[in-house]
Amino acid sequence: MLKVYNTLTRKKEEFKPIEDKKVRMYVCGLTVQNYSHLGHVRGAINYDVIRRYLEFKGYDVTYISNFTDINEKIIARAELEEMKPMALAYKYEQAFLEDIEALNIKKADHYCKATDNIDQIQKMVQTLIDKGYAYIADGNVYFSVEEFEDYGKLSGRDLEQMIAGTRKKIESDKKNPLDFALWKNVEDPEVIAWDSPWGRGWPGWHIECSAMSIKKLGSSFDIHGGGTDLIFPHHENEIAQSEAYSGVKPFAKYWMHNGTVNLSGDKMSKSLGNFYTTRKLLEKYSADQLRYFILTKHYRSPIEYSDEEIENSNKSLEKLVNTKNSLKNILKQSPTDSDKKQTYQLLEFIKGKEEKYFAAMDDDFNSAQAIGILHEMATEINKVVNNSELKLNSKLLEDLKEIYKTFNELFEIFGLTLESSSSSLSSDRYSELVEYVLELRKEARANENWELADKIRDDLNKLGIKVHDTPRGTEWEIIN
RNA sequence: GGCGGCAUAGCCAAGUGGUAAGGCAGAGGACUGCAAAUCCUUCAGCGACGGUUCAAAUCCGUCUGCCGCCUCCA
């Protein structure tokens with residue numbers, strides 16, 4: 001049974017989609033004002049895995065996300081880069097799509113943009129006014145939080161207390177300091193804006209997500225995700241305006257929130273902001289490495305980023321890659337049935353662990369625990385595969401094929417390829433060349449010419465080709 | 001000030017009632033011509049103090065220390 005932690009109830013609940021076998025999910029995207037950073041991408045990776053797992057379990061998943069492509073930040077940034085706001089938004093939207101592709105994150109079924117949905121948004125605002133949930137003030141339209149009785153249910157806040165604790169000065173045209181904008185008046189005629197019954201302006205920040213999710217997924221859908229930092233006020237406000245608009249509860253059945261990524265204590269770098277953009281990180285680390293780093297932590301926990309920590313996690317990943325390579329290499333061999341009696345319990349062991357892997361994932365997508373289980377599998381596989389006493393009979397070979405398939409399938413759920421980063425460079429001719437050189441080394445070894453054999457190995461290593469002698473013979477792989 | 005969360009070995013990190021997964025690093029050993037990889041062994045009693053319970057890292061309380069949100073944020 002799949003259980004999901006629901007922020008709304010602060011409990012793990014059994015996951016039951018509104019429509020059997022269909023899952024509709026909406027994940028808050030980002031304001032396309034700059035290149036994405038690890039924080040954005042962490043969420044995207046977490047929800048990517050959630051989606052992959054749901055699909056793996058046979059659900060038909062509709063995954064919608066959005067880009068906020070108009071607001072003050074976009075305007076400010078556009079000025080800085082001397083671009084038109086819409087061009088700037090488009091530039092960073094494309095950059096983000098490139099980033100997620102590079103990270104092997106599956107694309108959403110649809111990405112909504114605020115500026116593509118102005119009509120829908122205006123319609124929603126008008127309905128909220130008509131229903132008495134919103135009011136017009138000076139070209140702005142505000143949602144009146146007092147009109148919505150459930151206000152605060154997601155973030156666990158009490159309206160009275162919040163008002164009492166408000167630090168912000170009451171903006172003159174708001175009735176209540178917590179009221180939030182559905183439509184923002186734009187006075188400067190030079191600035192891009194849209195006409196509306198209430199004046200020229202833009203949508204407020206929260207309304208776009210409500211309008212687009214309702215349009216694409218309906219008034220009530222299964223999962224709404226985002227970072228913990230969006231719980232208040234963004235998601236709280238989304239609930240208020242959406243449920244007030246449609247009269248349907250719940251707007252989203254399960255609210256999921258991923259932890260944030262924080263930077264290690266000292267601000268040692270002046271340009272931290274830049275350094276941790278996704279593209280910068282991708283120059284240094286592979287998609288597998290970044291994904292693995294993220295997935296070895298529970299999605300709801302905050303992550304403290306440091307280079308040291310990711311290097312650590314890279315080594316852990318490498319162990320799994322080595323296991324996969326050993327498996328792959330042994331599958332190329334032919335079985336020797338001289339010893340058919342020798343039996344191995346490996347397949348049974350792996351199947352047992354697979355159960356545990358699913359149990360971990362069923363428990364609120366505990367990828368950290370599941371990865372621990374993959375390591376237990378790897379150790380057991382290594383024991384058999386790297387054993388010089390190994391009797392590779394046809395039964396074992398069949399089992400290993402199945403294990404290899406299972407192993408890959410479980411990594412696929414995490415979007416991990418376990419490919420050496422530049423293996424795509426290894427054309428056939430390239431491989432033949434390496435094999436040839438290794439053949440020479442083999443001769444040297446046969447002649448006990450260790451000096452030459454080691455020189456070949458060291459030199460290849462310098463060229464990025466790692467050579468190791470295994471019970472199966474000499475194997476090689478391309479590194480970094 | 002309000003709301004929420006966290007505190008597990010040198011480091012990272014699972015575990016939410018029955019006596020601590022996994023990884024990195026360390027130590028010892030096996031394998032190897034030497035390496036690499038791999039395997040084996042070893043390495044914590046869970047921030048502090050109380051309480052509940054036959055039994056708590058896990059539940060309750062207090063304290064200490066971190067962090068997030070309350071303004072834009074994935």
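By convention in this document, chain letters (A, B, ...) are assigned in the order of the sequence lines, proteins followed by strands, and residues within each chain are numbered from 1.
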Inter-nucleotide [atom1] distance ([N], [M]), Å rounded:
{"N": "B:C3", "M": "B:A56", "atom1": "C1'", "answer": "28 Å"}
{"N": "B:G65", "M": "B:A48", "atom1": "C1'", "answer": "11 Å"}
{"N": "B:U53", "M": "B:G45", "atom1": "P", "answer": "27 Å"}
{"N": "B:C69", "M": "B:A74", "atom1": "C1'", "answer": "14 Å"}
{"N": "B:U58", "M": "B:C24", "atom1": "P", "answer": "29 Å"}
{"N": "B:U19", "M": "B:G23", "atom1": "C1'", "answer": "24 Å"}
{"N": "B:C34", "M": "B:U42", "atom1": "P", "answer": "26 Å"}
{"N": "B:C6", "M": "B:G47", "atom1": "P", "answer": "13 Å"}

Base, sugar-phosphate or nothing for [X]? Non-hydrogen atoms, less than 4.0 Å.
{"X": "A:R441", "value": "base"}
{"X": "A:G226", "value": "sugar-phosphate"}
{"X": "A:G372", "value": "base"}
{"X": "A:G152", "value": "nothing"}

Partner of A:D48 by salt bridge (Lys or Arg N to Asp or Glu O under 4.0 Å), out of A:R291, A:R42, A:K107: A:R291

Salt bridge (Lys or Arg N to Asp or Glu O under 4.0 Å) partner of A:D364, chosen from A:K12, A:R300, A:K3: A:R300

Proximity of A:F15 and A:Y254 rings by center, below 6.0 Å: yes

Watson-Crick or G-U wobble partner of B:U16, both distances under 3.5 Å: none

For B:G1, the Watson-Crick or wobble partner whose two distances fall under 3.5 Å: B:C70

Contact nearer the 5' end of RNA chain B, comparing A:F293 with A:V261: A:F293

Length of the CG-C1' vector between A:D229 and B:A74, whole Å: 5 Å

Selected nucleotide, minimal atom distance to A:K319 side chain, candidates B:C24, B:G33, B:C67: B:C24

